Q: 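One structure coming up, written as structure tokens, with questions to follow.
Everything numeric in this text was worked out from a predicted model, so none of it was measured.
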Amino acid sequence: MESELAALRFAVDGARYGLAAAGADEARALRGALLNQLDDYIVPRYAQLDAPLLAVVGGSTGAGKSTLVNALVGAKVTRPGALRPTTRDPVLIHHPADERWFSDQRILPGLPRVQGDGPPSQAAAETAPGSALRLVAHEGVRQGLGLLDAPDVDSVVDSNRQLAAQLLAAADLWIFVTTANRYADAVPWALLRGASERDVVVAIVLDRIPGEVLEEVAYDLHQMLGREGLANAPLFLLQEQVLDGEGRLPEAAVTDLRGWLDALTSDAASRSEVVRRTLAGATRHAAEEVLVLADAVDAQDSTRAELRTRVEAAFQGNGVAAALGDGSLLRGEVLARWQDFVGTGEFFRNLESRIGRVRDKLSAWVTGRPQREDEVQQAIGDGLHAVIVAEADAAAERAEAALRADSAGRVLLSGRSWGRATDGFSDRAAATIRDWQNFIIDLVRTEGQGKRTSARLLAFGVNGVGVVLMILAFSATGGLLGGEIVIAGGTAVVAQRLLEAIFGEDGVRRLAQAAREDLLARVDRLLTFEKQRFLDLLADDGVSGDELRAAARAVLAEATNA
């Protein structure tokens, strides 16, 4: 069982509930409670089945828990809180011969040990700041039993209430103390219901009962215990009575309770029976609760998948690809600089002339006016930059809006304003464009290495031909109006005729495709980087629901076969 429990503990610890999905808050609380029970009780108890019983005395505020413990021990070993809510540390009273079982970190490893009223050691306080477990050795406690006086289960102080629940979950048996005025309160019954589900050995002490209502209150409480599956839990009735000079109950008041405890702890076999019953129930219940955690992990995964889909959709439909397809990049400054580069007058009137004349004329333009090709390249770069930055901003805005449309997404984006591209994107986009333009020049140079092609390329100039290839990559008529169609259409023909004269028709088709694909791939990498910050919010390094289920079922199978 030890290996199965270790795997279960590892799986529970690895469960993550970072998204505000359905049941996430409850799952986080359950995960914490399960880790506490595994660490505080189940794992160490399986490792040392022969350790003394731990009986936790818990109950409602002012129920008389400490007074009861003092009466059972026969000495004032724990002090009742004079003020409510008390914030004192829990006190564990044990037989001196059992000190080794409780002074180490076997149970409740998160609580530093303190002997009596002394302060915790510095090392212990640094390891587990906050409450300490105060150990008191006294021969009034039977060897093989520890009595733990716990904080109030219904304390108005959250830390007290949480510690009380944690201590009860670490017990082999409960002595639950309530009063005639408080026995129907909701908080104690929630804990008792949990004890019933885990098959914990429980005794109920009804304290401070006025004599005239003893039978009525006892009957009502017994009926309530039956409805909650605790009909067999022993019920001890303590009438309201005067305490002695040291604030203790008369010894006769706790005779029956002490006899019950003695019967459970009189020998190893009796103690073992209690341990095995409580341990089996706690283990089974913990494994079943892990199945609940698994369902909550599935809900996390479903929410995460939906949010990831929204982010991916926001970054789809690359606006740069659309700009390449509709010719819009040839508007404005790019179109003006291209016109300056190739001219529009007599050239277009003679556009249908033979290729040699087109080549000769373009050769003169390309080789004779290098400053114009630089202007075209700069205009292309500026136009591309504007389109890429606008697309990154638009995608970020879409992704943010898509996440904020979901409650879990709104929580993730709390305090963040991510409706624009990240800092430095403009510079990264500019560098990407320069790299692409250099790629085009290298592509032209590599493609023109043949003897015949090389001569033609030299006649036109590598940089000039590279600019023409960039223009061809952008040339289309979709989305242009009126005279723009004529100009853009002519632009495409001019660029294509020139490149065909150098590389041939198939070569032009291959070069244009390579130019477009390389540019779009670079833009995709830029936008993927922008998208990643949204996806990082949705990252999950936790265990899966199936891993939790497998670990839980292995423990349940082992418990069934035990």
Q: Could you go through residues 542-554 and list every donor-acceptor pair under 3.5 Å that involves a side-chain atom there, pairing it with any protein atom two or more places apart or in another chain?
A:
from, atom 1, to, atom 2, distance (Å)
Ser544, OG, Glu547, N, 3.1
Ser544, OG, Glu547, OE1, 3.3
Asp546, OD1, Arg549, NH1, 3.2
Glu547, OE1, Ser544, N, 2.7
Arg549, NH1, Asp298, OD2, 3.3
Arg549, NH1, Gly545, O, 3.3
Arg549, NH2, Asp295, OD1, 3.0
Arg549, NH2, Asp298, OD2, 2.3

Q: Determine whether Leu238 and Leu68 make a side-chain contact, defined as any pair of heavy atoms from C-beta on separated by less than 4.5 Å.
A: yes

Q: Hey, could you give me the OG1/CZ distance between Thr265 and Arg142, rounded to the nearest 0.5 Å?
A: 5.0 Å

Q: Less than 3.5 Å apart, any donor N or O on the side chain of Asp540 or Gln300 sitting next to an acceptor on the other?
A: no

Q: So do Leu230 and Phe176 actually touch side chain to side chain, heavy atoms under 4.5 Å?
A: no

Q: Using a distance-only test with no angle check, is there a side-chain donor-acceptor pair under 3.5 angstrom linking Thr422 and Arg428?
A: yes

Q: Taking all heavy atoms of Arg271 and all of Leu53, pick out the closest pair and write down the distance.
A: O-CD2, 3.8 Å

Q: I'd like to know whether Leu111 forms a side-chain contact (heavy atoms from CB on, under 4.5 Å) with Leu167, so could you lay out the CA-CA distance, the side-chain angles of the two residues, the decisive distance to 0.1 Å, and finally the verdict.
A: CA-CA 11 Å; Leu111 294 178; Leu167 295 175; 4.1 Å; yes

Q: What I want to check is whether the side chains of Thr67 and Asn70 have a donor and an acceptor closer together than 3.5 Å.
A: no

Q: Would you say Leu279 and Leu49 make side-chain contact, with heavy atoms under 4.5 Å?
A: yes

Q: Give the minimum heavy-atom separation between Ala15 and Val297, together with the two atoms involved.
A: CB-CG2, 4.3 Å

Q: Mind checking ring-ring contact (aromatic ring centres under 6.0 Å, His included) for Trp101 and listing every partner two or more places apart, or none if nothing turns up?
A: none

Q: Kindly check if the number of other-residue, nucleotide or ligand heavy atoms within 6.0 Å of CG (Asp423) is above 12?
A: no

Q: With the side chain counted from C-beta on, respond yes when Leu261 and Leu173 share a heavy-atom pair under 4.5 Å apart, and no when they do not.
A: yes

Q: Determine whether Arg398 and Glu391 satisfy the following criterion, salt bridge (Lys or Arg N to Asp or Glu O under 4.0 Å), listing intermediate values before the conclusion.
A: CA-CA 10 Å; Arg398 291 192 298 268; Glu391 174 60 18; 3.3 Å; yes

Q: Do Asp207 side-chain atoms and Thr179 backbone N/O form a donor-acceptor pair below 3.5 Å?
A: no

Q: How many angstroms lie between NE2 in His138 and NE2 in His94, if you round to the nearest 0.5 Å?
A: 11.5 Å

Q: With a 4.5 Å heavy-atom cut-off, do Arg304 and Arg308 have their side chains touching?
A: yes

Q: Treating Arg45 as the side-chain partner and Gln48 as the backbone partner, does any N or O pair qualify as donor plus acceptor under 3.5 Å?
A: yes

Q: Roughly how far apart are Ile204 CD1 and Leu235 CG, rounded to 0.5 Å?
A: 7.5 Å

Q: Residues in side chain to side chain donor-acceptor pair (under 3.5 Å) with Ser103, at least two apart?
A: none

Q: Can you tell me if CZ on Arg276 sees more than 12 non-hydrogen neighbours from other groups inside 6.0 Å?
A: no

Q: State, to 0.1 Å, how close Thr278 and Ala171 come at their nearest heavy-atom pair, and which atoms those are.
A: CG2-O, 3.6 Å

Q: Distance-only check: which donor-acceptor pairs under 3.5 Å involve side-chain atoms of residues 16-26, not counting sequence neighbours?
A:
from, atom 1, to, atom 2, distance (Å)
Arg16, NH1, Asp13, O, 2.7
Tyr17, OH, Leu293, O, 2.9
Asp25, OD1, Arg28, NH2, 2.3

Q: Taking atom types as modelled, find out whether Tyr41 and Asn36 have a side-chain donor-acceptor pair closer than 3.5 angstrom.
A: no

Q: So Leu527 and Lys531, do their side chains get closer than 4.5 Å, heavy atoms only?
A: no

Q: Minimum heavy-atom separation for Met224 to Trp189, with atom names?
A: CE-NE1, 3.3 Å

Q: Give me each pair satisfying side-chain hydrogen bond (donor to acceptor under 3.5 Å, both in side chains) with a member in residues 215-224, each pair once, sequence neighbours excluded.
A: Tyr183-Asp220

Q: Is it true that atom CD of Glu139 has more than 12 heavy atoms of other residues, nucleotides or ligands lying nearer than 6.0 Å?
A: no

Q: Considering only heavy atoms from C-beta outward, does the side chain of Leu147 approach that of Ile175 to under 4.5 Å?
A: yes

Q: I'd like to know if the side chain of Glu400 reaches the main chain of Trp418, judged simply by a donor and an acceptor atom lying under 3.5 Å from each other, with no hydrogens or angles considered.
A: yes

Q: Decide, yes or no, whether a salt bridge links Arg9 with Asp39 under the criterion of side-chain N to carboxylate O below 4.0 Å.
A: yes

Q: Mind running side-chain contact (heavy atoms from CB on, under 4.5 Å) on Ser414 and Val411 for me, showing each step along the way?
A: CA-CA 5 Å; Ser414 178; Val411 173; 5.6 Å; no

Q: Rounded to the nearest 0.5 Å, what's the gap from CG on Leu72 to CG on Leu249? Could you check?
A: 9.0 Å

Q: Which heavy-atom pair separates Ala287 from Val555 by the least distance, and what is that distance?
A: CB-CG1, 4.1 Å

Q: Just wondering, do Phe315 and Thr528 contact through their side chains at under 4.5 Å, heavy atoms?
A: no

Q: Listing request: all side-chain hydrogen bond (donor to acceptor under 3.5 Å, both in side chains) pairs with a residue in residues 225-238, at least two apart in sequence or in separate chains.
A: Arg193-Glu228

Q: Around atom CD of Glu306, are there more than 12 heavy atoms from other residues, nucleotides or ligands closer than 6.0 Å?
A: yes

Q: Answer yes or no: is there a donor N or O on one side and an acceptor on the other, between the side chain of Arg310 and the main chain of Ala399, under 3.5 Å?
A: no

Q: Quick one: CZ on Arg533 to CG on Leu537, what's the gap to the nearest 0.5 Å?
A: 9.5 Å

Q: How long is the gap from CD on Glu197 to NE2 on His285, to the nearest 0.5 Å?
A: 4.5 Å

Q: Looking at Asp393 and Arg420, would you say the former's side chain and the latter's main chain have a donor-acceptor pair under 3.5 Å?
A: no

Q: Around Glu288, counting heavy atoms of other residues, nucleotides and ligands shown, do more than 12 lie under 6.0 Å from its CD?
A: yes

Q: Stepwise, does the side-chain contact (heavy atoms from CB on, under 4.5 Å) test hold for Leu133 with Leu148?
A: CA-CA 9 Å; Leu133 183 61; Leu148 200 161; 4.1 Å; yes

Q: Say whether, by atom type as modelled, one donor and one acceptor occur between the side chain of Arg410 and the main chain of Arg404 under 3.5 angstrom.
A: yes

Q: Thr178 and Leu206: side-chain contact (heavy atoms from CB on, under 4.5 Å), yes or no, with the steps?
A: CA-CA 5 Å; Thr178 187; Leu206 185 60; 3.8 Å; yes

Q: Indicate yes or no for a side-chain donor-acceptor contact from Ser272 to the backbone of Ala269 under 3.5 Å, with no hydrogens or angles considered.
A: no

Q: Considering non-hydrogen atoms only, spot the tightest contact between Trp174 and Ala195 and give its length.
A: CZ3-CB, 3.5 Å

